[in-house]
Asks: 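If you scroll down you'll find the structure; I have some questions about it.
In this text, all values refer to a predicted model and were calculated from it rather than measured experimentally.
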Amino acid sequence: RCTLGSSAENGMQSDNRNWRRLGALAPVAGWFVVFYFYVLLRVRPELFYQQNPAVFLFDAHFFRSLVNPPGGLVEYASAFLSPLLALGWLGALVITSLAVLVCLATRQLMAAMGRTPGPVVSLVPSLLILMMLDRYHHPVRVCVGLCVVLGLAVGYVRLGRRHWAVRWTAFAAGSALAYWAAAGLYVVFALLAGIFEWRVCRHRWLGAVWVMAAAIVPVAASRWLWVLSLEDTYRGIFLPTERYWLAVPSSALLSRAIRMALLLFFPVVALAATWRGRGADGPSDPPESQPSSQQGDAVAGAANGPRSWLRSAVPWAALIACGIAADVFFFDAPTHDSLAVASSAERQQWEDVLTCARRLPPSDAWNVFQVNRALYHRGELLERMFEYPQVADSVPALTLQFESLNDTAQRVPLECGDILFDLGRINESEHMAYEALEMLGERPGTLKRLVYLHVIKGEPDAARRFLAVLERSLLHRGWASECLRQLEADPTLAGVPEVASRRELMLKQDDTGKLDLETMLGQLLHRNPKNRMAFEYLTAYYLLTRQIDKVIANLHRFDDFGQTRLPRYCEEAILVYRNVAGPRAIALPVREIRPETERRSAEFVRAAARFQGDPNAAFAALHRDFGDTYFFFYVFGRSDARSGKTRPSR
């Protein structure tokens with residue numbers, strides 16, 4: 001009976017321990033579930049792929065090119081994982097898994113150095129990673145590097161008090177592997193090993209040597225084994241240099257502070273663990289060395305104490321509050337919206353472009369350019385463009401072209417290359433694509449664009465070179481294989497609408513030097529009068545520059561598209577012309593203007609007459625009812641109060 005009673009008691013204690021462990025794991029699992037959905041729905045991992053759409057290739061040359069310099073192994077692993085961010089749910093899973101591994105390594109490290117920490121302390125790295133995500137600081141490289149150096153640090157600490165020669169050998173091997181794999185993040189490994197020797201093993205001189213190695217090893221390796229700059233020597237510690245403007249942090253100072261806080265957390269928490277875990281005479285006994293009855297009594301007392309629930313709830317409440325505060329104070333909404341606009345435009349999701357663009361500053365020419373492009377592809381450019389912020393004489397708002405082709409290529413080669421390709425300026429689009437290739441690297445969109453450009457120009461062999469790269473890539477090999485198959489069957493790809501339509505629009509020879517938008521669009525219309533995009537953009541250009549006479553002179557071109565009803569803003573431009581020119585108005589083409597447009601014109605004239613001599617009051621009073629009309633834009637030179645100073649019409 002005693003044996004049976006003892007077995008039953010042990011079984012009950014085992015069940016209680018299992019329930020307690022499950023109860024402790026439940027909030028941790030809940031935290032990472034919330035983390036996953038926050039990344040998926042709020043941060044959107046595909047936006048990180050938009051920042052840096054790395055092409056991962058399955059070949060030995062690509063492997064050797066990455067792993068030779070310090071940090072190459074982490075770089076290679078990051079190059080493999082980063083494209084997975086393009087698949088939203090899988091990208092969120094990758095980021096969450098890396099955060100779990102970092103937190104798990106933190107817990108193992110603290111347990112090996114002192115006492116097993118509470119779950120909340122172990123989750124602090126995930127909170128710092130969350131803050132990095134909120135600032136759109138690409139997380140994969142730094143998280144993979146931390147997994148490597150923390151794993152090596154845990155392995156070193158678990159050696160315990162073994163002979164000094166064993167620890168010397170382990171540190172030397174760990175240092176070589178950590179620096180080769182993670183470059184500058186090796187500093188974290190060396191600091192953790194030094195803290196362990198100093199605080200736990202009580203070998204202060206050895207700990208001091210290991211800490212000094214954090215500075216000495218990278219410099220020595222960069223001098224004797226590789227020829228590296230200071231930035232490359234400590235790669236991983238500093239913010240990486242980004243070439244694509246949407247990948248540059250909006251606040252470099254804040255991004256650096258968050259990155260440093262994440263890297264410094266591990267040495268600081270190691271020091272805290274050793275101070276907590278040591279008494280005056282040495283390390284405290286691990287829980288396993290205590291009798292099981294004492295463990296059971298201690299656990300039961302802790303679980304049943306009147307303040308135990310409060311003690312466990314307060315850290316969780318603090319962690320959740322910090323997570324909410326991080327979202328409120330650190331989330332970079334403008335960068336999120338800009339990346340969302342760029343990503344949606346690349347995927348031709350034009351409604352999403354318009355939705356996100358409404359939240360961006362109206363004075364940004366890049367934003368207005370994307371809005372106008374989305375409106376055209378939705379068939380609404382000449383019907384709705386003044387519902388969005390527009391500024392008179394703002395030519396870059398249409399095609400992002402600046403003073404010269406070279407200036408444009410240096411600033412916005414990707415976006416300008418897109419619009420030139422859509423219009424049919426094939427040679428100029430090719431110029432932009434090669435500039436983007438040189439400046440931003442092998443982005444998949446650029447490689448695909450070069451494939452189509454060379455096919456359009458009758459250069460299938462050149463197209464095959466880029467397809468050979470994409471065929472070895474992680475995400476785009478299927479597209480490349482299918483395109484190669486089509487190219488073998490038909491070198492002109494006449495069955496691909498994106499190629500065939502541009503071949504009909506392209507000029508035989510493009511102009512170079514300073515770009516004149518009116519001349520450029522006029523050449524396209526001369527080459528193909530049915531180039532609808534060139535015609536609508538030319539009309540929009542005349543509207544923005546308030547050249548109403550040229551709008552009217554080109555109204556006959558709507559016949560080329562079989563369109564009998566004029567777009568809204570063309571009707572309004574005709575009425576403006578009649579009001580401005582008066583008796584001197586020339587005879588207009590026979591076009592019916594809707595009564596609704598006539599009525600709004602009369603209402604605007606009557607309302608504006610009440611504010612003669614006070615343009616600011618007129619703008620404020622008329623904007624609510626007429627801000628989306630061409631009448632309003634023609635008078636004030638802008639369609640939004642935030643777009644800058646009013647530019648009155650002549």
Side-chain angles (χ1 to χ4, degrees), residues 69-75 77 101-102 104-114 125 128 141-226 228-239 256 259-275 277:
L73 189 61
V74 167
E75 196 73 25
L101 291 174
V102 171
L104 183 61
T106 303
R107 184 174 179 82
Q108 294 294 322
L109 183 69
M110 293 177 67
M113 283 200 167
L128 295 170
R141 277 182 255 177
V142 65
C143 288
V144 171
L146 284 175
C147 288
V148 171
V149 296
L150 291 177
L152 291 171
V154 169
Y156 180 83
V157 170
R158 286 188 176 276
L159 291 175
R161 296 174 176 271
R162 296 191 182 184
H163 193 271
W164 66 268
V166 174
R167 299 207 303 278
W168 267 91
T169 304
F171 181 79
S175 293
L177 182 57
Y179 187 70
W180 173 70
L185 291 178
Y186 159 77
V187 170
V188 176
F189 167 79
L191 290 177
L192 292 174
I195 292 169
F196 173 74
E197 291 291 344
W198 171 42
R199 292 295 304 165
V200 178
C201 297
R202 291 295 187 176
H203 293 159
R204 289 182 173 83
W205 63 272
L206 196 57
V209 172
W210 287 179
V211 170
M212 287 189 295
I216 295 173
V217 168
V219 173
S222 65
R223 286 283 186 89
W224 297 334
L225 300 179
W226 297 278
L228 303 174
S229 64
L230 180 64
E231 183 178 359
D232 290 334
T233 298
Y234 289 98
R235 186 169 57 161
I237 295 291
F238 306 115
L239 281 179
R256 290 192 190 101
R259 190 182 185 95
M260 286 299 105
L262 175 62
L263 299 182
L264 289 174
F265 170 80
F266 304 102
V268 170
V269 81
L271 284 171
T274 55
W275 252 287

Asks: Just by modelled atom types, is the Arg162 backbone N or O under 3.5 Å from a matching donor or acceptor in the Arg167 side chain?
Replies: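 Yes, because the side chain of Arg167 sits within donor-acceptor range (under 3.5 Å) of the backbone of Arg162.
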
Asks: Give the minimum heavy-atom separation between Ile237 and Met260, together with the two atoms involved.
Replies: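 That closest heavy-atom pairing would be O-CE, 3.0 Å.
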
Asks: Give the intermediate values and the outcome of side-chain contact (heavy atoms from CB on, under 4.5 Å) for residues Val217 and Trp210.
Replies: CA-CA 10 Å; Val217 168; Trp210 287 179; over 6 Å; no

Asks: Look up atom CG in Leu150 and atom CZ in Arg107, then write down how far apart they are to the nearest 0.5 Å.
Replies: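 Here the rounded value is 15.0 Å.
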
Asks: Please test Leu73 against Val148 for side-chain contact (heavy atoms from CB on, under 4.5 Å), starting from the C-alpha separation and ending with a verdict.
Replies: CA-CA 10 Å; Leu73 189 61; Val148 171; 5.9 Å; no

Asks: Run the side-chain contact (heavy atoms from CB on, under 4.5 Å) test on Val144 and Glu75 for me, step by step, so that the C-alpha distance in whole Å, both residues' side-chain angles and the decisive distance to 0.1 Å come before the verdict.
Replies: CA-CA 9 Å; Val144 171; Glu75 196 73 25; over 6 Å; no

Asks: Rounded to the nearest 0.5 Å, what separates atom CZ in Arg256 from atom CZ in Phe238?
Replies: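 Spacing of CZ (Arg256) from CZ (Phe238) equals 9.5 Å.
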
Asks: Can you tell me how far CZ of Phe196 sits from OG1 of Thr274, rounded to the nearest 0.5 angstrom?
Replies: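 Interatomic distance, Thr274 OG1 to Phe196 CZ, rounded to 0.5 Å: 10.5 Å.
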
Asks: Ignoring hydrogens and angles, write down the donor-acceptor pairs under 3.5 Å from the side chains of residues 174-193, residues two or more places apart or on other chains.
Replies:
{"residue": "Ser175", "atom": "OG", "partner": "Phe171", "partner atom": "O", "Å": "2.8"}
{"residue": "Ser175", "atom": "OG", "partner": "Tyr186", "partner atom": "OH", "Å": "3.1"}
{"residue": "Tyr179", "atom": "OH", "partner": "Thr233", "partner atom": "O", "Å": "3.0"}
{"residue": "Trp180", "atom": "NE1", "partner": "Val67", "partner atom": "O", "Å": "3.0"}

Asks: If you look at every heavy atom in Val157 and Ala112, which pair is closest and at what distance?
Replies: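 In terms of heavy atoms, the two residues are closest at CG1-CB, 3.3 Å.
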
Asks: Nearest 0.5 Å, please: how far is CG in Leu128 from CZ in Arg259?
Replies: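 Interatomic distance, Arg259 CZ to Leu128 CG, rounded to 0.5 Å: 12.5 Å.
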
Asks: What closest approach, in Å, do Trp198 and Arg204 show between heavy atoms, and which atom pair accounts for it?
Replies: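 Of all heavy-atom pairs spanning Trp198 and Arg204, the closest is CD1-CG, 3.3 Å.
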
Asks: For residues Leu159 and Ala170, report the shortest heavy-atom separation together with the two atoms involved.
Replies: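 Heavy atoms only, the tightest pair is CD1-CB, 3.3 Å.
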
Asks: Kindly indicate whether the side chain of Val149, heavy atoms from C-beta on, has any atom under 4.5 Å from the side chain of Phe266.
Replies: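 Result no, sub-4.5 Å side-chain heavy-atom pair not found.
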
Asks: Nearest 0.5 Å, please: how far is CG in Leu101 from OG1 in Thr106?
Replies: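 Thr106 OG1 to Leu101 CG: 10.5 Å, rounded to 0.5 Å.
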
Asks: Determine the minimum heavy-atom distance between Pro70 and Leu228, stating which atoms define it.
Replies: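 Between these two residues, the closest heavy atoms are CG-CD1, 3.6 Å.
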
